[in-house]
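Computed from a predicted model, the values in this text were never measured in an experiment. A note on names: the letters A, B, ... follow the listed sequences, proteins ahead of strands, and every chain is numbered from 1.
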Amino acid sequence: MTDLKTIRGMPDLYGENIEDISMVEKVCQKTFQSFNFQELRTPILENKSLFNRSVGESSEIMQKEVYEFKDRKDNLLCLRPEGTAGLVRALITNGLDNDEIKKLFYLGPMFRYERPQKGRKRQFFQAGVELIGDQSSDADIEIILIANTILEKLKIKSDLEINYLGNVENLKNYNDYLEKYLSETSDLPDYVMKNPIRALDSKDENIKNKMSKAKSITDFLNKDQSDEFFKIKSKLDEIGIKYKENVKLVRGLDYYNGLVFEFLSSDLGAQNAILGGGRYDGLIKKLGGRDLPATGFALGVDRLAEVVKASSQSKDLFIGCVDKESRTYAQTLGYKIRKENSSLIVENYLGNASVAKQLKKADSQGFKFAIIVGQDELKNKKVKLKNLKEDKPDLELKEKDLLEHFEC
RNA sequence: GUGGGUGUAGCUCAGUUGGUUAGAGCGCCGGUUUGUGGCACCGGAGGCCGAGGGUUCAAACCCCUUCAUCCACCCCA
């Protein structure tokens, strides 16, 4: 029966699970659009080399988390592990890397071969924005505003942490410094040896102790960079967005520089990052496009869905029927009512249960109103509208009045 | 990739030192009530006890393997 199993970390989603995810996606999409961001949808499959050059060949993700395979013509492909690289590639591929400022968003499944746990699946959903061509700190502020709006709409409590990485040289210098600083320590785990910057957010007590006396990236910034960071912070203050400066915040993808940030939720255990992003000014050029600044973020749709509970949508009208003759009329009524108001949820019950059962079903499924269509209704074109939520007498309505009752 | 927990009905879970036919609650279907809901009562369906192997007269239970899931490390959204 192995052929009937789902692939590890890629569950079928149904019921409440998909309701929550789908609701989060809708909120994201609406919010992006309200900031006048346009959708850009790229393929799930890309050449693996694209991610080697963007995410970084030495990064954890590319080292062991990519689903890669050869196609029938021996091209080395992979399932995308994140969204930014594909979107940047699309800009270059389609000649969109011009001077016009671009505000783009994406939404869809990503894949990483990791050990699954809460808030971490092998297929997971991300939504994100990229603001291309604007190097000002206002652009960084704009995307933080988007992030904040989404989290507010979803009523998710979270803490914003920010840090400033400077540019490639700062990072290199800081990395070199850490390498030297840590070289006195023995028993360093592999991941720290490979990339000393990883020691910053390590949970290992040994490393934590050692790092508490190390210099921070802030000490490696020049005056302009410190000023820029200061500017960003005062703008956040002015708007009234609370944040915590975290000099240990570094991000796992190689392309980040300048401002980086994360929104953290305490309700998710170890996978507490629900949204993260920052500036990636060098990436477009590195991938072969023009030298354009860019900033953006990605959020974990599944992770947000874990911490919100979607208020189950209330359903509007249950149309039952008592025999075959009346059923078609019942369907006609449903059809007309939905035309009158397309946002209504209207069930046309097509089974053979008794009237009592039908009403019970309507009630237990959370419908507000119910009508039962039978011979009388068919003959007189009149129905009794039952209010299932409040104890009120039935309304006897002609077809026209019924339609009016439900129009928007 | 490392360490640990858990897999029994659609869902949440009981199941005694290994002992006849594996249970409950919720949900589903039917009835009390053949055209009027919420409550109550009665009945029913639904299980290869995650999968494969082993020990035993006998395994949901013990052993091995494997898969899935959860927690932590790691990583990230």
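- Checked by distance alone, A:Glu377 brings a side-chain donor or acceptor within 3.5 Å of a matching partner on the base of B:G35.
- Comparing atom distances between the A:Arg115 side chain and each of B:C67, B:U2, B:C75 picks out B:U2 as nearest.
- Geometric assessment of A:Lys172 against the ring of A:Tyr177 yields a negative cation-pi assignment under the 6.0 Å and 45° thresholds.
- Going from atom CD of A:Glu16 over to atom C1' of B:G10 covers 13 Å, rounded to whole Å.
- B:C48 and B:A22: their P atoms are spaced 13 Å apart (whole Å).
- Side-chain proximity of A:Lys121 to the nucleotides B:C28, B:C75, B:C70 is greatest for B:C70.
- Separation of the P atoms belonging to B:A77 and B:U17 is 50 Å when rounded to the nearest angstrom.
- Among the protein residues, A:Gly374 comes within range of the nucleic acid bases, having at least one heavy atom under 4.0 Å from a base atom.
- Surrounding CD of A:Gln375 are more than 12 heavy atoms belonging to other residues, nucleotides or ligands, all under 6.0 Å away.
- To the nearest angstrom, P of B:U69 lies 12 Å from CZ of A:Arg120.
- Going from the P atom of B:C71 to that of B:A45 covers 37 Å, rounded to whole Å.
- Cation-pi geometry between A:Lys210 and A:Tyr181 is satisfied (NZ or CZ under 6.0 Å from the ring centre, within 45° of the ring normal).
- Annotation: B:A51 and B:A60 have their P atoms spaced 11 Å apart (nearest Å).
- The closest side-chain heavy-atom distance from A:Lys384 to A:Ile371 is not below 4.5 Å.
- For the side chain to side chain contact (heavy atoms under 4.5 Å, CB included) test, no residue two or more places apart in sequence or in another chain qualifies with A:Glu238.
- Taking atom P in both B:C61 and B:C42, the straight-line distance is 35 Å, to the nearest Å.
- In this structure, A:Met110 places its CE atom 10 Å from C1' of B:A77, rounding to the nearest Å.
- Of the C1' atoms belonging to B:G5 and B:A24, the separation is 25 Å, rounded to the nearest Å.
- Between the CG atom of A:Asn352 and the C1' atom of B:U34 there is a distance of 13 Å, given to the nearest Å.
- B:C76 atom P lies 13 Å from atom CG of A:Asn272, rounded to whole Å.
- The cationic group of A:Arg80 does not satisfy the cation-pi geometry with A:Phe51, failing either the under 6.0 Å distance to the six-membered ring centre or the 45° limit from the ring axis.
- Side-chain atoms of A:Gln375 lie closest to B:G35 of the nucleotides B:C74, B:G35, B:C28.
- Counting any heavy atom pair closer than 4.0 Å across all strands shown, A:Gly269 reaches sugar-phosphate atoms only and no base atom.
- Among the heavy atoms of the strands lying under 4.0 Å from A:Asp376 is at least one base atom, whether or not backbone atoms are also near.
- Between A:Arg112 and B:C76 there is no side-chain N or O to OP1 or OP2 distance below 4.0 Å.
- At the phosphate of B:C75, OP1 or OP2 sits under 4.0 Å from a side-chain N or O atom of A:Arg198.
- Each of A:Leu268 and A:Pro116 lies near RNA chain B, and the nucleotide nearest A:Pro116 is the one positioned closer to the 5' end.
- In this structure, A:Phe297 and A:Phe261 have perpendicular ring planes: the angle between them is above 60°, well past the 30° mark.
- Checking each of A:Leu275, A:Asp159, A:Leu304 against A:Phe263 for a side chain to side chain contact (heavy atoms under 4.5 Å, CB included) leaves exactly one that passes, namely A:Leu275.
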A:Asn348/A:Arg338 under side chain to side chain donor-acceptor pair (under 3.5 Å): CA gap, chis, key distance, verdict: CA-CA 11 Å; A:Asn348 266 112; A:Arg338 291 185 201 95; 3.0 Å; yes

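- As a whole-Å value, the separation of A:Glu130 CD from B:A77 C1' is 13 Å.
- The separation of B:C49 from B:A9, taken at their P atoms, amounts to 10 Å, rounded to a whole angstrom.
- Put simply, A:Gln117 has a side-chain N or O that comes within less than 4.0 Å of OP1 or OP2 on B:A72.
- More than 12 heavy atoms of other shown residues, nucleotides or ligands fall within 6.0 angstrom of atom OH in A:Tyr67.
- Within 4.0 Å (heavy atoms only), A:Gln358 reaches no atom of the nucleic acid at all.
- The separation between A:Arg327 atom CZ and B:G35 atom C1' is 15 Å, rounded to whole Å.
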Between A:Asn170 and A:Gln225, does the side chain to side chain donor-acceptor pair (under 3.5 Å) criterion hold? Intermediate values first, please. CA-CA 10 Å; A:Asn170 298 116; A:Gln225 292 165 331; 2.5 Å; yes

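- Nucleotides B:U12 and B:G7 are separated by 12 Å at their P atoms, to the nearest Å.
- Taking a pair as Watson-Crick or G-U with both hydrogen-bonding distances under 3.5 Å, the stems of three or more pairs touching RNA chain B are B:1-7 with B:67-73, B:10-13 with B:23-26, B:28-32 with B:40-44, B:50-54 with B:62-66.
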For nucleotides 37-40 of chain B, give me every protein contact, N/O to N/O, under 3.5 Å, one pair per line with atom names.
{"residue": "B:G37", "atom": "N1", "partner": "A:Leu388", "partner atom": "O", "Å": "3.4"}
{"residue": "B:G37", "atom": "N2", "partner": "A:Asp363", "partner atom": "OD1", "Å": "2.7"}
{"residue": "B:G37", "atom": "N2", "partner": "A:Leu388", "partner atom": "O", "Å": "2.3"}
{"residue": "B:G38", "atom": "O4'", "partner": "A:Asp363", "partner atom": "OD2", "Å": "3.3"}
{"residue": "B:G38", "atom": "N2", "partner": "A:Leu388", "partner atom": "O", "Å": "3.0"}

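- Looking at heavy-atom distances under 4.0 Å, A:Ala298 makes contact with sugar-phosphate atoms alone, never a base.
- Other residues, nucleotides and ligands contribute at most 12 non-hydrogen atoms within 6.0 Å of the NZ atom of A:Lys382.
- What separates CD1 of A:Ile372 from P of B:G35 is a distance of 11 Å, to the nearest Å.
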